[in-house]
Trainee: 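Here it is, the structure, as structure tokens.
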Amino acid sequence: MNISQQTKRLFFTAVTLVFFSITAYPQGIVTQARVGFDEFRAAIPHGKIDTITYESKTVGNTRRALIYTPPGYSKNKKYPVLYLLHGIGGDEKEWYNGGGPQVILDNLYAQDKIVPMIVVLPNGRAIKDDRAVGNVMAPEKVQGFANFERDLLSDLIPFIDGKYHVYTDKDHRAVAGLSMGGGQSLNFGLGNLSEFSWVGAFSAAPNTKKPEDLVPDPDAVKNKLKLLWISCGSSDGLLSFSKRTHDYLVEKNVPHIYYIEPGVHNFKVWKNGLYMFSQLIFKPVDPSTFPQYTYNEAGVPASTNIPGVKYPEIFPDNTVFFRVKAPDAKSVQIDLLKKYPMNKDTGGYWTVTTDPVALGFHYYSLIVDGVAVVDPATQTFYGMGRMASGIDIPDPNGDYYTVKDVPHGEVRSVNYYSNITKSWRRANVYTPPGYDTQTDQRYPVLYLQHGSGEDETGWPAQGKMNFILDNLIAAKQAAPMIVVMDRGYATDPTQPVTTSNRAFMAGNVFPDVLVKEIIPMVDAKFRTLADRDHRAMAGLSMGGFQTFQTTMTNLDKFAYVGGFSGAAFMQPGNDVSKMYNGVFADANAFNQKVKVLYLSVGTDEPERMQTMVKGFHEALDKAGIKQVFYQSPGTAHEWQSWRRSLNQFASLIFKN
């Protein structure tokens, strides 16, 4: 190689390094966000969100925007800039409040998946009163979104370029937005190819220009734009605006990514749009990969479906697709943690894709023309005070309650007559593996209670208690035991009816039924170890309160006590030593008598429940009462909290 060639080679290398002055991040196919991508993680570096103000000659006043600077932001480095726009009903805080972009980006930085960038979140309504109040659809307010093009180009971008350490060329500048902001991004980005090289639209709204006006010169877009991203939810009523742009771009052979995912017009789709788009920008791109960006993740029928029925269908991100045939219905909704309006197709099928649903079991209903009914496609469960549909979202850590190839116990139905309630009642009784063959063995007993609005079927059907016990016993993590589940409602017809808010406590004689009738019946019918050292009681929610009401007044009969999201009605300031006739007054005596006292609550439960359970735990702790206290991470007042609690509690009892 001669000196001239070597000089040229070195010059080319230097230019290449300058052009790719940002780390050469690997650019594979970016996939749909996984569950947890938008959850705050404390143990990683975090960026910073600030409010900035800038002078707008376009509007004639000072305007506000939010700005995100990445983890490790340094004035000694330069950064590319993404301008991230909101929807018609929002302002500069809509993304921050509804989408948490700083959390999404922090998590991506921690995984080295994105280029360090500054993100500017402006108010896209460029009028003097730019608040998202009153009629946001008023013509003058809608016009403000069009006015923002000049404000962005003439006022905001120059302000950012002058104040922050950013690259000021088009190849280091991107614009993207949701809904109305998605339309703005397409209009402004494609209309100003000398200013932006990266354009993204998430669920673009009707303000999007017609394709022929948006892209009058397809060759210019091909030559000047590095990435054009268009995404939308498949059940979004505004999908047609994204599709018409996509169809035109295909016709004109303009490279772009068109990504349609299950979803509607909401932050579930928009957050995923940001998640995927942010990983592609400010890096080398390969347009040949663009056609591969199709949502191809298959959903699976919910385990709670009627056998052979496909829908509801659960997707990898824990969204759920529902499909119901009701050709004559005028409106249909899914009521699952929140209400989701469904859309009707020409075949009379109503469909919707939900937000990601929390792990575990949840009741739900169809609301057809205002009437709540069960979904004929799913199994039904007694909960909410009536029969309801149910869906179980798989938990990656839920192996402990799945069916395994281990010896299995049986859940038996036992009918008995109650002299107290003057009625026939039913108990479900779990007998451990080997109960019918090891006839010389006797077993300890756990009395396990359900919550309000449920019955004796709750723990076996919704709680999977039999599989939890089967798996624990097979792993030798729990003693083989009998588990008795009865209906927690019982009234004495000879007593007056109560109207108390806590009728299940004040007017419910279940503790008497349990102690005077159920325990003797179980000891007579089953091979039990009929003493207090081999008897436990636990319950969830209402059943937890009933457990403490029963056991604390009958400690001669119980040595193990558990309250899952329910324990004692303790008002702030009350003296715990005076509760239940002073049972906690002598801590040493109590600790010797009660072998395990267990309390639990979900970290996402209502504040009142957390305060009540934690307050009781702290009062007991202060009084010297030994206990096990567990907080179920990320779960609310729901079966996943209680499944976890039973799994722990059952492994602690009958061990000595």
Side-chain angles (χ1 to χ4, degrees), residues 30-41 44 46-52 64-71 81-111 113-114 117-125 132 136 145 148 174-186 198-205 229-233 235-236 238 242 259-281 317-319 337-338 340 353-358 634:
V30 177
T31 58
Q32 179 84 8
R34 300 268 72 82
V35 173
F37 79 102
D38 55 352
E39 295 177 358
F40 177 79
R41 300 172 191 169
I44 63 171
H46 298 107
K48 186 178 180 181
I49 286 272
D50 287 311
T51 297
I52 59 172
R64 294 161 61 92
L66 298 185
I67 189 165
Y68 169 84
T69 49
V81 185
L82 165 62
Y83 291 86
L84 189 60
L85 312 184
H86 61 80
I88 193 168
D91 56 20
E92 72 276 7
K93 294 181 180 178
E94 182 178 23
W95 267 104
Y96 177 75
N97 292 329
Q102 74 284 3
V103 176
I104 296 171
L105 297 175
D106 284 349
N107 293 342
L108 287 170
Y109 283 126
Q111 300 172 66
K113 288 186 175 181
I114 60 174
M117 69 184 80
I118 286 174
V119 182
V120 180
L121 301 97
N123 187 322
R125 193 181 292 100
V136 295
F145 283 91
F148 181 65
V175 61
L178 66 88
S179 194
M180 180 70 91
Q184 286 178 308
S185 297
L186 292 173
W198 318 84
V199 177
F202 318 142
S203 310
W229 168 282
I230 299 172
S231 62
C232 196
S235 300
D236 191 333
L238 301 183
S242 294
Y259 188 78
I260 305 302
E261 63 178 287
V264 291
H265 199 72
N266 63 13
F267 264 108
K268 176 261 176 184
V269 171
W270 306 330
K271 288 194 291 185
N272 183 65
L274 174 62
Y275 172 86
M276 297 182 72
F277 180 73
S278 64
Q279 294 181 68
L280 293 167
I281 58 178
D317 61 354
N318 288 353
T319 57
L337 304 180
K338 70 182 238 184
Y340 296 92
T353 302
T354 69
D355 298 329
V357 178

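Bear in mind that the values here come from a model prediction, so they are computed numbers and not experimental data.
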Trainee: Counting only heavy atoms from other residues, nucleotides and ligands, does the tally under 6.0 Å from OH of Y340 exceed 12?
Mentor: yes
Trainee: Which residues pass the side-chain contact (heavy atoms from CB on, under 4.5 Å) test with A132, not counting sequence neighbours?
Mentor: R125
Trainee: Tell me, please, which residues at least two apart from F37 pass ring pair (Phe, Tyr, Trp, His ring centres under 6.0 Å).
Mentor: Y275
Trainee: Quick one: pull up CD1 in I67 and NZ in K48 and give me the separation to the nearest 0.5 Å.
Mentor: 11.0 Å
Trainee: Quick one: does L82's side chain get under 4.5 Å of L105's, heavy atoms only?
Mentor: no
Trainee: Under the rule for side-chain contact (heavy atoms from CB on, under 4.5 Å), what residues qualify as partners of A201, not counting sequence neighbours?
Mentor: L186, A204
Trainee: Does any part of the side chain of L121, heavy atoms only, come nearer than 4.5 Å to the side chain of P101, both counted from C-beta?
Mentor: yes
Trainee: Would N272 and Y259 count as a side-chain contact (heavy atoms from CB on, under 4.5 Å) here? Give the steps.
Mentor: CA-CA 11 Å; N272 183 65; Y259 188 78; 3.7 Å; yes
Trainee: Considering residues at least two apart in sequence or located in another chain, which fulfil the side chain to side chain donor-acceptor pair (under 3.5 Å) criterion with Y68?
Mentor: D106
Trainee: Going by the salt bridge (Lys or Arg N to Asp or Glu O under 4.0 Å) test, which pairs reach into residues 259-272, not counting sequence neighbours?
Mentor: D38-K271, E261-K268, K268-D317
Trainee: Report the distance from atom CD of Q184 to atom CG of L178, rounding to the nearest 0.5 Å.
Mentor: 10.0 Å
Trainee: So, H86 side chain and G124 main chain: donor-acceptor pair closer than 3.5 Å or not?
Mentor: yes
Trainee: Which residues pass the side chain to side chain donor-acceptor pair (under 3.5 Å) test with H265, not counting sequence neighbours?
Mentor: S179, D236
Trainee: Are any non-hydrogen side-chain atoms of W229 and F202 less than 4.5 angstrom apart?
Mentor: yes
Trainee: Using 0.5 Å steps for rounding, measure from the CZ atom of F40 to the CD1 atom of I104.
Mentor: 14.0 Å
Trainee: Taking the side chain as every heavy atom from C-beta outward, state whether S235 and V264 have any atom pair closer than 4.5 Å.
Mentor: yes
